Novice: 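My questions all concern the structure below.
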Amino acid sequence: MIERVRAVLVTADDTMLVIRRTRPGIPEYWVLPGGGVEPGDESREAALHREIQEEIAGKADIIRLLHTMESDDECQLFYLARIATWSFADRTGPEFSAEGRGEYALEEIPLTMEGLDGIDLKPEEIAHVLRGAISAGSIGGEASL
């Protein structure tokens, strides 16, 4: 089974970092930073730290596991994390230089219902989970992190 880790990266301003994907022939969509767990990773959390470093040259404090999605051949783990520093210009992930992968643009969106409603976050299930957490007041703001 393939394991992937992704992070809801909350900034000091209570925004969330997302990656806008633009690919030929496909409507633009947004994803959370992260990627596959590799054999050399000591843990899922170590894989997430590596992916955050590769994709946005960032350092984050992982707060907790937020949601898990499983299918027959894949398990995706979504973590809540607080990010302090990042530099999209210094990213090093192999996906950025691969031909035909389209564009990746880092964006900050408000961690609010309006912010989520303004983007097409994939997968839809994590967008639904985030909307529920925002409604319940269990995500966003210093108290919940």
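For reference, positions follow the sequence shown, starting with 1. No experiment lies behind these values; they were computed from the predicted model shown.
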Novice: Over all heavy atoms of both residues, which pair between M113 and S135 is shortest? Give the atoms and the distance, please.
Specialist: CE-OG, 3.2 Å
Novice: Taking side chain as C-beta onward, heavy atoms only, is L32 less than 4.5 Å from I126?
Specialist: yes
Novice: Are E103 and R23 close enough for a salt bridge, meaning some N to O gap below 4.0 Å?
Specialist: no
Novice: Could you walk me through whether R50 and D41 pass side-chain contact (heavy atoms from CB on, under 4.5 Å), step by step?
Specialist: CA-CA 8 Å; R50 176 184 50 73; D41 292 324; 2.8 Å; yes
Novice: Can you find a pair of side-chain heavy atoms, one from V37 and one from E51, that are under 4.5 Å apart?
Specialist: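 When only atoms from C-beta onward are counted, E51 and V37 do not touch, as no gap falls below 4.5 Å.
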Novice: Do other residues, nucleotides or ligands put more than 12 heavy atoms under 6.0 Å from the CD atom of E42?
Specialist: no
Novice: Taking atom CG of D120 and atom NZ of K122, what is their separation to the nearest 0.5 Å?
Specialist: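 Reported to 0.5 Å precision, the distance equals 4.0 Å.
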Novice: Do the non-hydrogen side-chain atoms of W86 and L106 ever get within less than 4.5 Å of each other?
Specialist: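 A side-chain contact exists here, since the closest heavy-atom pair is under 4.5 Å.
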Novice: Would you say that D73 contacts M1 through its side chain, given a criterion of any heavy-atom pair below 4.5 Å between the two side chains?
Specialist: no
Novice: Restricting to non-hydrogen atoms, name the atom on A60 and the atom on A81 that form the minimum distance, rounded to 0.1 Å.
Specialist: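 Here A60 and A81 meet closest at CB-CB, 4.2 Å.
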Novice: Counting C-beta onward and ignoring hydrogens, is there a side-chain heavy-atom pair between L9 and M16 closer than 4.5 Å?
Specialist: no
Novice: Is there a side-chain contact between C75 and I2 (heavy atoms, below 4.5 Å)?
Specialist: no
Novice: Run the side-chain contact (heavy atoms from CB on, under 4.5 Å) test on E55 and I19 for me, step by step, so that the C-alpha distance in whole Å, both residues' side-chain angles and the decisive distance to 0.1 Å come before the verdict.
Specialist: CA-CA 9 Å; E55 290 192 3; I19 297 174; 3.4 Å; yes
Novice: Hey, does the Lys NZ or Arg CZ of R21 hover above the aromatic six-ring of Y104, less than 6.0 Å from the centre and inside 45° of the axis?
Specialist: yes
Novice: Hey, is E74 close enough to R4 for a salt bridge, meaning N to O under 4.0 Å?
Specialist: yes
Novice: Measure the shortest side-chain to side-chain distance between P123 and F78 over non-hydrogen atoms and say whether it is less than 4.5 angstrom.
Specialist: yes
Novice: Which residue is it: D13, I139, L116? I am looking for the one with a side-chain contact (heavy atoms from CB on, under 4.5 Å) to L111.
Specialist: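 With L111 as partner, side-chain contact (heavy atoms from CB on, under 4.5 Å) holds for just one option, I139.
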Novice: Give the minimum heavy-atom separation between I52 and A7, together with the two atoms involved.
Specialist: CD1-CB, 4.2 Å
Novice: Could you state the interatomic distance from CG (D90) to CD (Q53), rounded to the nearest 0.5 Å?
Specialist: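 Going from CG on D90 over to CD on Q53, the span is 9.0 Å.
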Novice: Show your reasoning for whether side-chain contact (heavy atoms from CB on, under 4.5 Å) applies to L77 and M69.
Specialist: CA-CA 7 Å; L77 299 112; M69 286 176 47; over 6 Å; no
Novice: Give, for atom CD1 of I109 and atom CG of L17, the distance between the pair rounded to the nearest 0.5 Å.
Specialist: 9.5 Å
Novice: Give, for atom CG of L48 and atom OH of Y79, the distance between the pair rounded to the nearest 0.5 Å.
Specialist: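 Atom-to-atom, L48:CG and Y79:OH are 7.0 Å apart.
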Novice: In Å, rounded to the nearest 0.5 Å, how long is the span from CD of E125 to CG of L130?
Specialist: 11.0 Å
Novice: Quick check for you: to the nearest 0.5 Å, what is the distance between L80 atom CG and H67 atom NE2?
Specialist: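 NE2 of H67 is found 13.5 Å from CG of L80.
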Novice: Less than 4.0 Å between a side-chain N and a carboxylate O, is that true for R131 and E124?
Specialist: yes
